[in-house]
Amino acid sequence: MDTRRDFLQKLGLSSLVLPFIPLSGWSASKTDKLYDGPVLRVAIMGLGGYGSRVAEAMQSCVKAKLVGVISGTPSKIKDWQAKYGIPEKNCYNYENFDQIKNNPDIDAVYVITPNALHHDQVIRVAKAGKHAICEKPMAISPKEGQEMIDACKKANVKLLVGYRMHFEPKTLEVIRMRNAGEFGKIMFFQGQCGFKIGDPKQWRLNKQLAGGGAMMDIGIYAINGSRYMVGEEPTWVTAQERKTNTEIFKEGVDETIQFQMGFPGGAVASYLSTYNMNYLDRFYLVGEKGFAEMQPSTGYGPIKGRTHKGELTQPHATHQTVQMEEMAGIILEGKEPIVPVNGEEALKDLKIIEAIYLAAKTGKKIPLKL
């Protein structure tokens, strides 16, 4: 990777023809094809652990290139400049990044900051005339999410959300099988997402920054997963919350929530979202003719799965690399993904999360209108 990066920096992407494996056969094709199309030039906002993972993955992209950074920590900016060859003119902090509107060398900003900051930062990116890619959850409330969608539409820029699983090959095979009727009528979905949280002082346990607890971080995977695996939008939700440690999980920060949803075709679903149990990363789909099980179902990979027809054998590729390649195609070429990754898709998850919190608080069955 280092050699390739240095080579690109010396010659410039615009003058190169690079090997590219199309996503329709990602990692499976044995014949490299040449790519000489447009490249999405991306600045990453938020240089923490996941930002670093995305940056590393982007070194293998041909349709997307890391060209800029936005951070409140000057030392991180210097480190990234040295590591990725980022010019000084493409470096910004949280106070001055509005000036990217005057920088023609940046096309999009990937916002990878704490959840509560997404709203204002994405709107500022849109006002600067740049496309916005935002980590999930897109915001901490449906109201904020809608305002982000509206701001991006007003500025005529794209708003995409980091749903990397929407491009994962084994996941897409299960969706294909469902669409082809290979499971028959869908009857049941189970989603289990959780791990034991670490540092009690981290931002994910801060209500003001995270907007909640495990549900906002890990439970959203099960919500979203049921929607793309069942292939319908839920119509009601019930929920029960359990909290065993009020020192770590303060008011408004959920530790463990079990919840249930119903779908218009008759399917029912059961979920577990927790920050207090390890080894929970499993989806299970049951239809009248068959089943699909994925475990792990949403981790960084490789994803493993099986159906009534046998093991899923689609090859693994780094999720963030595939995501950025596909998002470049959406922004630059108008491609339509099999499962949407736009703001409207993310808004549905926010509405469901809001209803889950309400159901857990009131003990009532909450109707959903998505």
Side-chain angles (χ1 to χ4, degrees), residues 20-29 40 50 53-64 110 112 133-138 160-180 182-183 186 189-195 217-231 269 271 273 280-285 290-307 309-331 335-342 345-346 348-349:
F20 173 61
I21 302 174
L23 269 293
S24 59
W26 182 265
S27 292
S29 173
L40 184 71
Y50 193 71
R53 184 179 289 273
V54 172
E56 283 299 304
M58 286 185 68
Q59 302 312 295
S60 299
C61 290
V62 296
K63 298 176 98 174
Y110 195 160
I112 311 177
I133 303 170
C134 182
E135 253 316 295
K136 57 170 187 24
M138 178 174 69
L160 305 181
V161 181
Y163 287 112
R164 58 187 167 81
M165 301 312 300
H166 292 198
F167 307 112
E168 197 280 317
K170 293 183 178 69
T171 300
L172 291 177
E173 173 60 12
V174 171
I175 293 170
R176 184 203 65 76
M177 291 178 67
R178 191 221 47 241
N179 286 337
E182 294 181 33
F183 300 119
I186 302 302
F189 173 87
Q190 184 180 59
Q192 301 169 336
C193 294
F195 61 89
D217 180 28
I218 193 74
I220 189 173
Y221 280 105
I223 295 167
N224 192 255
S226 67
R227 293 175 51 232
Y228 61 65
M229 289 185 73
V230 173
Y271 312 76
S273 166
L280 290 173
D281 185 9
R282 178 178 179 267
F283 289 170
Y284 188 56
L285 184 74
F291 74 91
E293 180 182 36
M294 307 186 78
Q295 185 176 10
S297 57
T298 64
Y300 294 143
I303 300 302
K304 295 182 180 180
R306 65 190 180 102
T307 75
K309 293 189 173 183
E311 184 181 358
L312 295 171
T313 58
Q314 289 71 22
H316 171 69
T318 301
H319 294 178
Q320 293 79 10
T321 303
V322 180
Q323 173 191 313
M324 294 310 297
E325 292 285 75
E326 288 287 81
M327 286 186 167
I330 293 169
I331 292 173
K335 290 184 64 176
E336 292 291 340
I338 293 171
V339 185
V341 291
N342 54 28
E345 167 76 4
K348 293 175 181 178
D349 285 339

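Bear in mind that the values here come from a model prediction, so they are computed numbers and not experimental data. Here, residue 1 is the first one in the sequence, and each next residue gets the next number.
- For the side-chain contact (heavy atoms from CB on, under 4.5 Å) with I303, the lone residue among Q295, Q314, H316, M165 that qualifies is M165.
- Nearest approach of H319 to G299, heavy atoms of both residues: CE1-O, 3.0 Å.
- Atom CD1 of I338 sits about 7.0 Å away from atom CD1 of I175, to the nearest 0.5 Å.
- Two residues are said to be in side-chain contact when any heavy atoms from C-beta on lie closer than 4.5 Å; R227 and V339 fail this criterion.
- At a threshold of 4.5 Å between non-hydrogen side-chain atoms, the residues Y300 and Q320 count as touching.
- In this structure, CE on M327 lies 5.5 Å from CD1 on I133, to the nearest 0.5 angstrom.
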Checklist entry - So T171 and F283, side-chain contact (heavy atoms from CB on, under 4.5 Å) or not? Walk me through it. => result CA-CA 10 Å; T171 300; F283 289 170; over 6 Å; no
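- For H166, the ring pair (Phe, Tyr, Trp, His ring centres under 6.0 Å) partners are Y163, Y228, not counting sequence neighbours.
- Rounded to the nearest 0.5 Å, atoms OG1 (T307) and CG (L285) are 10.5 Å apart.
- In terms of heavy atoms, I218 sits closest to G194 at CG1-N, 3.8 Å.
- The minimum heavy-atom distance between R282 and S297, with the atom names listed, is N-OG, 3.4 Å.
- Side-chain atoms of Q323 and V54, non-hydrogen and from C-beta on, never get closer than 4.5 Å to each other.
- Contact annotation: the side chain of M229 never approaches that of I186 to less than 4.5 Å [non-hydrogen atoms, C-beta and beyond].
- Side chain of S273 to main chain of C193: no donor-acceptor pair is present (N/O by atom type, distance under 3.5 Å, no hydrogens or angles).
- Closest of all the heavy-atom pairs between C61 and M324 is SG-CB, 3.9 Å.
- Here D349 contributes atom CG and I220 contributes atom CD1; the two are 4.5 Å apart, rounded to the nearest 0.5 Å.
- Between the OH atom in Y284 and the CD atom in Q192 there is a gap of 11.5 Å [rounded to 0.5 Å].
- Rounding to the nearest 0.5 Å gives a distance of 12.0 Å between OG1 of T318 and CD of Q59.
- Counting only heavy atoms from C-beta outward, the side chains of P337 and I330 approach each other to under 4.5 Å.
- The shortest side-chain heavy-atom distance between E345 and V161 does not fall under the 4.5 Å cut-off.
- Screening residues 163-175 for salt bridge (charged side-chain N to carboxylate O under 4.0 Å, His left out), with sequence neighbours left out, gives E173-R176.
- At least one side-chain heavy atom of F183 sits under 4.5 Å from a side-chain heavy atom of V174.
- Looking at every heavy atom in both residues, Y271 comes nearest to S226 through OH-OG, 2.8 Å.
- A salt bridge between K63 and E325 is absent, with no side-chain N of the basic residue lying under 4.0 Å from a carboxylate O of the acidic one.
- Residues V230 and F189 approach most closely at CG2-CB, 4.0 Å, considering heavy atoms.
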